[in-house]
Every structure is written in C-alpha cells, then in structure tokens.
Amino acid sequence: MSTAEPAVISDIQIYQHQAGMTQGVVRANTAGLTQEDSLVQPQPDGNCLNFIVGHLVNVYDKVLPLVGQEPVLGDAVKRYERGAPAIRDAAEALRLDDLLAAFDTQTERFLAGLATLTPEALERPMPGPDSGGELTETVRSLLGTILFHQAYHAGQTGVLRRIAGKPGAIP
C-alpha cells in the first residue's frame, strides 16, 4: 500500500459523507412540499425552492462525467443554469417531484463515481469555475468546491421552506 492511499480514501469518504448530508438536508427541507410551495418567491427578490433544487440537479448533471457517470436530465435542466432569471411562470418549472427523483439518482451516481477515483485522477488538472478554461484546479479541489456549492444551496432550501409557510424541518 502506498502512503498516498490513506489520504485518498479519507478524501473520498469525506466527499461521500458531504454529498450524503446534502442529499439528506434537501430531502428533509422538501418533505411534504407541493409544486405550488416550491414556486413561492422570496421577497423582494431571489429564486424559489424549485429553482434551487433544479440548480442543484443542473450542477450534478454537469459534474457526473467528472466521476465517470452519466448525467440524468441533461438539457431538461438548462433553465436552472447559474445566472438564469428567477422562475416567475409556473409553466417554466419542472415538477419538484421529478427534480427530487433526479437529485436522488444523481447523488447515488455521484457516490458510486467517487468510489472509483484513483489518486492520479484526483490530482488531474482541471479548469476552474470562471477560469476561461485555464487549468487552475485539480479534480480534488474542484470536488471540494462543488460539494460546498451543493451544501450552500441545500441550506437555502430550509429558508425557502419557511418562506413557503412550512415549519422548519431540521431542528
């Protein structure tokens, strides 16, 4: 066993734990919500819960190939890209139940893909977000950024649940 293996196993286990916790937070905060609840807009501005969940799905679909897995919804979640305008018309939104099912499938694929990464794969240079294609990251650092991103937005789902008039789901 090489000296690098324990660190890689530890990193992968941490990433898997973070992804699992994010999934649990999203699922707790969306439990019992209707499609209409998911479309309640925060005031004076911001994105509704449906957009946030769709955005999480959009990001995971882009990340799955990085860990050797197939995307789930592809272009169907283009509406939820970073910087897209808030959803103001219910007809623009995918069904919350469909987004959550995709998120569950993505999380399982992400976890499985993480388990296949080698030490060499984690150190592979990658372009960072907003780097214009310049290799400013490694797979390892990019995974850390992605998992932070997913957790950040998962936290927003708790606030949006309350804005929709529901009690908090996480004590």
Side-chain angles (χ1 to χ4, degrees), residues 1-31 38 46-84 94 96-161 169-170:
M1 187 182 302
S2 77
T3 58
E5 287 178 318
V8 171
I9 292 169
S10 176
D11 287 350
I12 296 302
Q13 288 173 334
I14 290 167
Y15 294 155
Q16 289 172 324
H17 180 70
Q18 289 174 325
M21 286 183 63
T22 296
Q23 180 186 27
V25 167
V26 169
R27 279 318 217 151
N29 286 332
T30 58
S38 81
N47 288 311
C48 62
L49 187 136
N50 184 285
F51 185 92
I52 297 301
V53 174
H55 180 63
L56 291 170
V57 170
N58 176 273
V59 169
Y60 260 162
D61 251 16
K62 291 179 180 178
V63 170
L64 285 171
L66 180 66
V67 296
Q69 298 290 313
E70 292 292 319
V72 176
L73 292 180
D75 286 342
V77 287
K78 192 166 180 63
R79 169 64 181 91
Y80 297 92
E81 296 258 339
R82 175 182 174 194
L94 295 177
L96 179 62
D97 290 341
D98 294 341
L99 291 170
L100 291 169
F103 187 69
D104 288 342
T105 299
Q106 290 171 323
T107 301
E108 293 309 311
R109 288 183 187 181
F110 186 68
L111 295 173
L114 285 172
T116 68
L117 294 179
T118 64
E120 296 77 23
L122 286 172
E123 293 308 319
R124 191 175 77 234
M126 295 291 299
D130 306 319
S131 72
E134 187 177 334
L135 300 178
T136 59
E137 301 262 1
T138 63
V139 169
R140 180 189 312 275
S141 65
L142 192 55
L143 287 171
T145 300
I146 290 160
L147 287 162
F148 171 79
H149 172 273
Q150 299 297 81
Y152 172 84
H153 288 301
Q156 289 178 320
T157 65
V159 174
L160 291 165
R161 176 185 180 83
I170 299 174

Test log, rule side chain to side chain contact (heavy atoms under 4.5 Å, CB included), inputs Met126 and Leu66: CA-CA 10 Å; Met126 295 291 299; Leu66 180 66; 3.5 Å; yes
Candidate pair Phe51 and Arg79, rule side chain to side chain contact (heavy atoms under 4.5 Å, CB included), full reasoning: CA-CA 9 Å; Phe51 185 92; Arg79 169 64 181 91; 3.7 Å; yes
Working for side chain to side chain contact (heavy atoms under 4.5 Å, CB included), residues Ile52 and Val26: CA-CA 10 Å; Ile52 297 301; Val26 169; over 6 Å; no
Pair Thr116-Val67, side chain to side chain contact (heavy atoms under 4.5 Å, CB included): steps then yes or no: CA-CA 8 Å; Thr116 68; Val67 296; 5.7 Å; no
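Glu70 CD: 12 or fewer foreign heavy atoms inside a 6.0 Å radius.
Taking the six-membered ring where tryptophan is involved, the planes of His55 and His153 are perpendicular, since the angle between them exceeds 60° and thus also 30°.
Here the side chains of Leu56 and Leu99 are not in contact, with every heavy-atom distance at 4.5 Å or above. Side-chain contact check for Leu73 versus Asp98: every heavy-atom pair is 4.5 Å or farther apart. Contact of the Arg27 side chain with the Thr107 side chain is not registered, since no non-hydrogen atoms from C-beta on lie closer than 4.5 Å.
Annotation: the span from Gln23 atom CD to Glu108 atom CD amounts to 5.5 Å, rounded to 0.5 Å. One distance of note links CG of Leu142 with CG of Leu122; it measures 11.0 Å at 0.5 Å rounding. The CG atom of Leu96 sits 6.5 Å away from the CG atom of Leu49 when rounded to the nearest 0.5 Å. We find the OG1-CZ distance between Thr30 and Arg161 to be 8.0 Å, quoted to the nearest 0.5 Å. In this structure, OH in Tyr15 is found 8.5 Å from CG in Leu114, a value given to the nearest 0.5 Å. With rounding to the nearest 0.5 angstrom, the CD atom of Gln106 is 10.5 Å from the CG atom of Leu100.
A donor-acceptor pair is defined here as one N or O able to donate and one able to accept, closer than 3.5 Å; no such pair exists between the side chain of Ser141 and the backbone of Glu137. Here the side chain of Arg124 pairs no donor or acceptor atom with the backbone of Val139 at under 3.5 angstrom.
Checked against Asn29 for a side-chain contact (heavy atoms from CB on, under 4.5 Å), the options Thr157, Val159, Leu160 give a single hit: Thr157. Tested against Leu64, the residues Val72, Thr105, Val59 include a single side-chain contact (heavy atoms from CB on, under 4.5 Å) partner, Val72. Results of the side-chain contact (heavy atoms from CB on, under 4.5 Å) test with Tyr80 over Val57, Asn50, Asp61 single out Asn50 as the only residue that passes. Applying side-chain contact (heavy atoms from CB on, under 4.5 Å) to Thr22 and the options Tyr152, Phe103, Phe148, Phe110 leaves one that passes, Phe103.
Smallest separation of non-hydrogen atoms from Gly155 and Val25: N-CG1, 4.5 Å. Contact between Leu117 and Ala121 at its shortest, heavy atoms only, is CD2-CB, 4.2 Å.
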